[in-house]
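Take a look at the structure below.
Just so you know, residue 1 is the first one in the sequence shown, and it goes up from there. Because only heavy atoms are used, hydrogens play no part in the values below, and waters and symmetry mates are left out as well, while side chains stay in.
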Amino acid sequence: MKITELLSKETIILDLHADSKQEVLDALADQLDQAGKLEDKQAFKEGIMAREEQSTTGIGEGIAIPHAKSAAVQTPAIAFGRSKSGIDFESLDGQPAHLFFMIAASEGANNDHLEALSRLSTFLMDEAFRQKMLDATTKEEILQAVNDKENEVDGTEEAESTETGQRILAVTACPTGIAHTYMAAEKLSETAKDMGISIKVETNGSGGVKNRLTEKDIEEADSIIVAADTKVEMARFHGKPVIETGVGKAIHEAENLLKRAANEDVPVYAHEESDGGKPSEKEGRSGFYKHLMNGVSNMLPFVVGGGILIALSFLWGIKSADPSSSQYNEFAAMLNTIGGGKAFFLMVPVLAGFIASSIADRPGFAPGMVGGLIAITVSGAEGATGGSGFLGGLIAGFLAGYLTVLIKKIFAGLPEALEGLKPVLFYPLFSIAITGLIMMVINPPLTAIYTGISSFLESMGGTNQIIVGIILGAMMAFDMGGPVNKAAYTFGIAMLDANNFTFIAAIMAGGMVPPLGMALSTTLFKNRYTKEEREAGKTAYPLGICFITEGVIPLAAADPARVIPSTMVGAAVAGGLSMLFDVGLRAPHGGIFVIGLVDGGISKILLYIAAIIIGSVITAIIAGLLKRNVNRTA
């Protein structure tokens, strides 16, 4: 959409009489209302203010672009105001703003306000254009300057489009779907806009798939970027140039990825009903991690839900589920059965099933589940408990996945008349049988190894356990949701499965410290952080108390050399103190909401909170001392 389709004489204020940011916003909203562009002026103002509360729209260089998408808008429009003397708009560079563009978009405007915002940002980076807007003496000159700039840019874009004409798509997905998914999407979108590249990004987050790529999108695409650390739907990209990489690469190396995609330096993706047997660019580097994270992410709901239910059952007593105990409580026993007997029981089979399906697609799921079920039994005996647990589940998942890929290749030469029998007869029959037989043979020695490792870790005491806690805490802060962080968390879940609850407590403490510590640092050392970083710090508080380590990423990305060491030290201290205090926690996630479920009563709860606070304070102080003062107008 062109700016000149939204801006008119009726929405222009040549000489803006205002002394503050609020007065600017009021004046521009009033101008839109007088021009008949708004249904409800007050509701629109509330939308504008809500956007300003997220972060200032004063982008610097004397420019501010307040905007909102609201049902209060009758007709999409832009209001322009100018103040030659300048007005304090809390701009990112701390300088007064002179040119103000207020974008009003209706809810059905199909993101026209974002397109207009992108175009405006591009136009206003041109110093000559800004000077024209400042020097104009009539509204007609303002409109003419915008029209001339649009013709100039459109002419350039048309020439570039004739030469290149790339259409790039992207898919982002992380194991938990909480932070990295959306950060990667935003980074790709913003970088693509800066580079003048057209892009559509699909997100596979915890709330489901959003902005889904259509068949037409894929058909017309010249190249596709799949930035994912977990399973995404890949069959639809068969025959298209695809870059497969980790979600972290999209956050930190977006420009390089987009340059490769634009330059067509992209391998063609071949989907053979499964991509598990055909290594791709990503498969060669991080296929193991991708398959593992697919299993872990799908297992997490069983672990978290089951673990918290088990912990809640102990509120009635440690033996509340035992009918022969005086502590027995029927409701507590039901919670324990649901959490431990059912949800937790399914943890390892689900892990194995989804690892296998990540490798071999749907045919791998059944043998993976069966292999995982065998892993949690002793020698495969019906009704037995224990088994090789998490270790056996991992092996069963990869075994079932790659066996299924092999079986699919073996049956690839069958006549077409038997094609329909492959997924319903041949694949499940042979993959389940072979996976099951192998697991029945190797499960007893795996059980011995698994129980030996668990016993060794449980027997560690004093200094040794503290060292383990320090290492686990530091790992949680090292890459904040990346492979090292996930490796530590996966280890904690394995130990939880082995009925050792101290490791997951240390891991949760270590994971809460980075966002909490950096949030505290932005509060205590305000002069060391920009306004944008202080806003990110406010967001990190609730994320930290909820055990979402990714909440610190905006601050770490801005200054990794100072932030990451600071968070690692604080997280390591918290993990070590948790082990020193011998804190046990049966709930593997939830942060502050599950701290009350710490084993040992109020004294242990207070010690655990103290460990987290001490680690956070240490991070805050170290980061504050390492950071330098920011030159800005407060």
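- Nearest heavy-atom pair across G511 and P515 is O-CD, 3.6 Å.
- The CZ atom of F237 lies 5.0 Å from the CD1 atom of I224; values are rounded to the nearest 0.5 Å.
- At least one donor-acceptor pair closer than 3.5 Å links the side chain of N485 to the backbone N or O of M476.
- Within 6.0 Å of atom CD in E220, more than 12 heavy atoms from other residues, nucleotides or ligands are found, so the atom counts as buried in its surroundings.
- From I613, atom CD1 reaches atom CD1 of I618 across 12.0 Å, with rounding to the nearest 0.5 Å.
- Under the 30°/60° scheme for interplanar angles, the aromatic rings of H589 and Y489 are found to stand perpendicular.
- Counting heavy atoms from C-beta outward, K526 and R534 have side chains that approach closer than 4.5 Å.
- The closest side-chain heavy-atom distance from D222 to I168 is not below 4.5 Å.
- Looking at heavy atoms from C-beta onward, I142 lies out of side-chain contact with T138 at the 4.5 angstrom threshold.
- Residues forming a side-chain contact (heavy atoms from CB on, under 4.5 Å) with K9 (at least two apart in sequence, or on another chain): K139, E140, L143.
- Partners of Q42 according to the side-chain hydrogen bond (donor to acceptor under 3.5 Å, both in side chains) rule, which considers only residues two or more places apart in sequence or in another chain, do not exist here.
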Show, in sequence, the C-alpha distance, side-chain angles and deciding distance for V171 and L213, and conclude whether the side-chain contact (heavy atoms from CB on, under 4.5 Å) test is met. CA-CA 8 Å; V171 180; L213 303 180; 3.7 Å; yes
Going through the checks in order, is the side-chain contact (heavy atoms from CB on, under 4.5 Å) test met by V569 and T619? CA-CA 7 Å; V569 173; T619 288; 5.9 Å; no
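- Annotation: side-chain hydrogen bond (donor to acceptor under 3.5 Å, both in side chains) contacts of E46 (sequence neighbours excluded): none.
- A salt bridge does not link R236 with E215: every distance from a Lys NZ or Arg NE/NH1/NH2 to an Asp or Glu carboxylate oxygen is 4.0 Å or more.
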Does the pair K37 and E10 meet the rule for a salt bridge (Lys or Arg N to Asp or Glu O under 4.0 Å), with working shown? CA-CA 10 Å; K37 305 298 183 181; E10 293 77 19; over 6 Å; no
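- Remark: side-chain polar atoms of E23 are paired, donor with acceptor, to backbone N or O of D19 under 3.5 angstrom.
- Looking at M234 and V232, their side chains come closer than 4.5 Å, going by heavy atoms from C-beta outward.
- D217 is linked by a salt bridge (Lys or Arg N to Asp or Glu O under 4.0 Å) to K200, counting only residues two or more places apart in sequence or in another chain.
- Looking only at side-chain heavy atoms (C-beta outward), L32 and L28 stay at 4.5 Å or farther from each other.
- Summarising the local packing, NZ of K538 is surrounded by 12 or fewer heavy atoms from other residues, nucleotides or ligands at distances under 6.0 Å.
- In this structure, CZ in F478 is found 10.0 Å from OG1 in T567, a value given to the nearest 0.5 Å.
- Although no hydrogens or angles enter the test, the distance criterion places a donor-acceptor pair under 3.5 Å between the side chain of R82 and the main chain of M133.
- The nearest pair of heavy atoms linking A72 to F44 is CB-N, 3.6 Å.
- Between E52 and P66, the closest side-chain pair of non-hydrogen atoms falls below 4.5 Å.
- Put simply, the side chain of K259 reaches to within 4.5 Å of the side chain of M195, judged on heavy atoms.
- Between the CG atom of L188 and the CG atom of L169 there is a distance of 11.5 Å, given to the nearest 0.5 Å.
- Once rounded to the nearest 0.5 Å, the distance linking OG of S616 with CD1 of I545 reads 11.5 Å.
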Verdict with reasoning, Y608 to M508, per side-chain contact (heavy atoms from CB on, under 4.5 Å): CA-CA 10 Å; Y608 191 48; M508 189 179 298; 3.4 Å; yes
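- Under 4.0 Å is where a charged nitrogen must lie from a carboxylate oxygen, and between K45 and D26 at least one such pair does.
- Of the possible donor and acceptor atoms, none in the side chain of S578 sits under 3.5 Å from a partner among the backbone N and O of A574.
- Nearest heavy-atom pair, A477 versus P514, reported as atom, atom and distance to 0.1 Å: CB-CG, 3.6 Å.
- Side-chain N or O atoms of S521 include one that pairs as donor or acceptor with a backbone N or O of A620 at under 3.5 Å.
- With M102 as reference, L25 is the one residue of V24, T11, L25 to meet the side-chain contact (heavy atoms from CB on, under 4.5 Å) rule.
- Between K21 and E90 there is a side-chain heavy-atom pair separated by less than 4.5 Å.
- In this structure, E202 does not pair ionically with K210, as no charged nitrogen and carboxylate oxygen lie closer than 4.0 Å.
- No donor-acceptor distance shorter than 3.5 angstrom exists from the side chain of S91 to the backbone of G94, with no hydrogens or angles considered.
- Across every non-hydrogen atom of L16 and I87, the tightest pair is CD2-CD1, 4.5 Å.
- Residues that satisfy the ring-ring contact (aromatic ring centres under 6.0 Å, His included) test with F100, not counting sequence neighbours, are F89.
- In I592, the CD1 atom is not crowded: 12 or fewer heavy atoms of neighbouring residues, nucleotides or ligands sit closer than 6.0 Å.
- Under the 3.5 Å distance criterion, with hydrogens and angles disregarded, a donor-acceptor pair is assigned to the side chains of T137 and E141.
- Shown here are the side-chain contact (heavy atoms from CB on, under 4.5 Å) partners of P241, two or more places apart in sequence or in another chain: S223, V266.
- Counting only distance, with no hydrogens or angles, the side chain of H98 and the backbone of G62 share no donor-acceptor pair below 3.5 Å.
- Taking CD1 of I199 as the start and CD1 of I225 as the end, the distance is 5.0 Å to the nearest 0.5 Å.
- With sequence neighbours left out, E253 forms a side-chain contact (heavy atoms from CB on, under 4.5 Å) with K249, N256.
- Checked by atom type and distance alone, the side chain of Q34 never pairs as donor or acceptor with a backbone atom of Q31 at under 3.5 Å.
- Applying the side-chain hydrogen bond (donor to acceptor under 3.5 Å, both in side chains) test to pairs two or more places apart or on separate chains, those with a residue in residues 556-566 are D559-R562, D559-K627.
- For Q74, there are no side-chain hydrogen bond (donor to acceptor under 3.5 Å, both in side chains) partners, not counting sequence neighbours.
- When the side-chain contact (heavy atoms from CB on, under 4.5 Å) test is applied to I470, the partners found at least two apart in sequence or on another chain are I466, A572.
- Scored by the salt bridge (Lys or Arg N to Asp or Glu O under 4.0 Å) test, K240 finds no partners at all (sequence neighbours excluded).
- When all heavy atoms of N211 and V201 are compared, the pair lying nearest together is ND2-O, 2.7 Å.
- Checked against side-chain hydrogen bond (donor to acceptor under 3.5 Å, both in side chains), T523 has the following partners two or more places apart in sequence or in another chain: Y541.
- Heavy atoms only, all atoms of each residue included: A250 and K187 are closest at O-CG, 3.5 Å.
- T522 places no side-chain N or O within donor-acceptor distance of the main-chain N or O of G537, the cut-off being under 3.5 Å.
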